[in-house]
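Below is one structure; the comments refer to it alone.
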2 protein chains.
Amino acid sequence: MEPGDRQREHYHHGSLKESLIAGARELLKEKGPDDFSLSELARRVGVSTAAPYRHFESREALLGAVAAQGYEELLRRLKKGVKSGVSPVEQLKLFGISYLSFAADHPELFQIMFNGRYNEEAGGPRGATFAPMIDYVEQAQAARLLPADLRSHEVARFLWATAHGLTVLHLNGGFASLGIDDTPEGLNSSAWDVVLGETGPNAPGAA
Amino acid sequence: MEPGDRQREHYHHGSLKESLIAGARELLKEKGPDDFSLSELARRVGVSTAAPYRHFESREALLGAVAAQGYEELLRRLKKGVKSGVSPVEQLKLFGISYLSFAADHPELFQIMFNGRYNEEAGGPRGATFAPMIDYVEQAQAARLLPADLRSHEVARFLWATAHGLTVLHLNGGFASLGIDDTPEGLNSSAWDVVLGETGPNAPGAA
DNA sequence: ACCTGAACACCGTTCAAGT
DNA sequence: ACCTGAACACCGTTCAAGT
């Protein structure tokens, strides 16, 4: 038994800040963002209800830190999901598919990232998430796969909004009552062909 | 002074249920959905904290009633916003524009309508909101303004998601940190030409 | 039938006090 | 420097009791 172990295990906590963030993610997954309680989190981590306030200004600040972690993970997921050997239009589709599947895997995290309460913390990471789309759009425009007379960042913003809208309507059950396929695969299958149909069956050169 | 007036004005309340819903909308606008308190609402309406429970099962049930009212108003707004004398593609654009501007006018209402907690109450109205889009899409497909080999309800769902995504990212400030135009007008101006460009400068017959 | 008054368990947050 | 214990004001909800 190392000398530091006893100290870390009971009484004082070694690294409470990290434990709180990790514990918050678990509790969030269990209870959902609405029933998440800071007191209960403190109880689970084995610390007094006042202890978190040495590390976070408020309950909201703690959730902001969780959201920041979420942005890092979303960014990693998108980098993995968007392959580099394919056409820029295909990359845009992969972006949307990865975006939705990340949210489906971590719905509580995604909800916290985009509930609008942590825009100061989220602004930077959100921009970093969005930036690659502009590149894909410009490459697609250069290759004449997308209309070239529209501003690339407006097109990118529009496509991001589409991915985001499909995602949040899927998460909150918006499609469920409509009797149409609500699986991530179903949502993504032909959906993107509507706007990015140039490489699909509607492609000008596909006939 | 009518005999009923005294009775309605003090002591007991005449129609508490309606007063609660109306008061909830005011309080919601003031405090936002997160800091909305049922106790404070009761206080404002001039009634004990237990009184609302004679009319609503819970705080959530009351907010569900507010959401239902929101759907009615959104539907009216969409019916007014989408003119009938124009092409179906133009109608789809007007749908998106009306959708966003309704949410910009009633952000707290929109948030409650789509937070996923009231899907039982919301399922019907949501379907009624969505249904007209399928008509527009089918008319556009018949007129060869949209690709005809995609299922109309999938295209409509996709366009709804786009309008919804633009709306929620606008509401929660998702575009603010990106240095691009975030006004409802700016979001709508050229945005829809990306997917519905057939009647715009990118239209096949426009050159 | 509709509402009050008082209570219950639970919040988030603060602060003096301990080590 | 980091945490505890106890307190504060405030929730949502329940229930006997009043009219």
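By convention in this document, chain letters (A, B, ...) are assigned in the order of the sequence lines, proteins followed by strands, and residues within each chain are numbered from 1.
- Contact detail for A/G81 and A/S98: the closest heavy-atom pair is CA-OG, 3.4 Å.
- Between B/E138 and B/R151 no salt bridge is recorded (no basic side-chain N to carboxylate O distance below 4.0 Å).
- Contacts with DNA chain D (heavy atom under 4.0 Å) in residues 51-63 of chain A: A/A51, A/R54, A/H55, listed by number.
- Looking at residues 38-45 of chain A, you'll see A/L38, A/S39, A/R43 sit with a heavy atom under 4.0 Å from some atom of DNA chain C.
- Stem list for DNA chain C (at least 3 consecutive Watson-Crick or G-U pairs, distances under 3.5 Å): C:4-8 with D:12-16, C:12-16 with D:4-8.
- The main-chain N or O of A/P147 is found under 3.5 Å from a side-chain atom of A/Q141 such that the two form a donor-acceptor pair.
- In this structure, the side chain of B/S15 does not engage the main chain of B/E18 through any donor-acceptor pair within 3.5 Å.
- Residues B/R44 and B/E40 are paired through a salt bridge, judged by an N-O separation under 4.0 Å between the basic side chain and the carboxylate.
- With B/F36 as the partner, the side chain to side chain contact (heavy atoms under 4.5 Å, CB included) test is satisfied by one option alone out of B/L27, B/I112, B/V66: B/L27.
- The side chain to side chain contact (heavy atoms under 4.5 Å, CB included) check on B/A68 picks up nothing, with sequence neighbours excluded.
- The side chain to side chain contact (heavy atoms under 4.5 Å, CB included) test with B/L109 is passed by exactly one of B/E73, B/Q69, B/K29: B/E73.
- Put simply, CG on B/D34 is 15 Å from C1' on D/dC11, counting in whole angstrom units.
- Atom CD of A/E60 sits about 4.0 Å away from atom OH of A/Y118, to the nearest 0.5 Å.
- Using a distance-only test at 3.5 Å, with no hydrogens or angles considered, a donor-acceptor pair links the side chain of B/Q91 to the main chain of B/K83.
- Without hydrogens or angle criteria, A/R126 side chain to A/M113 main chain gives a donor-acceptor distance under 3.5 Å.
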Short heteroatom pairs, N/O only, protein and nucleotides 5-8 of chain D, under 3.5 Å:
none

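- Legend: residues meeting ring-ring contact (aromatic ring centres under 6.0 Å, His included) with A/F114, ordered by chain and number and at least two apart, are A/Y71, A/F110, A/H164.
- The structure places CD of A/Q139 at 9.0 Å from CG of A/L92, a figure rounded to the nearest 0.5 Å.
- The distance from atom CG of A/D35 to atom C1' of C/dA9 is 15 Å, rounded to the nearest whole Å.
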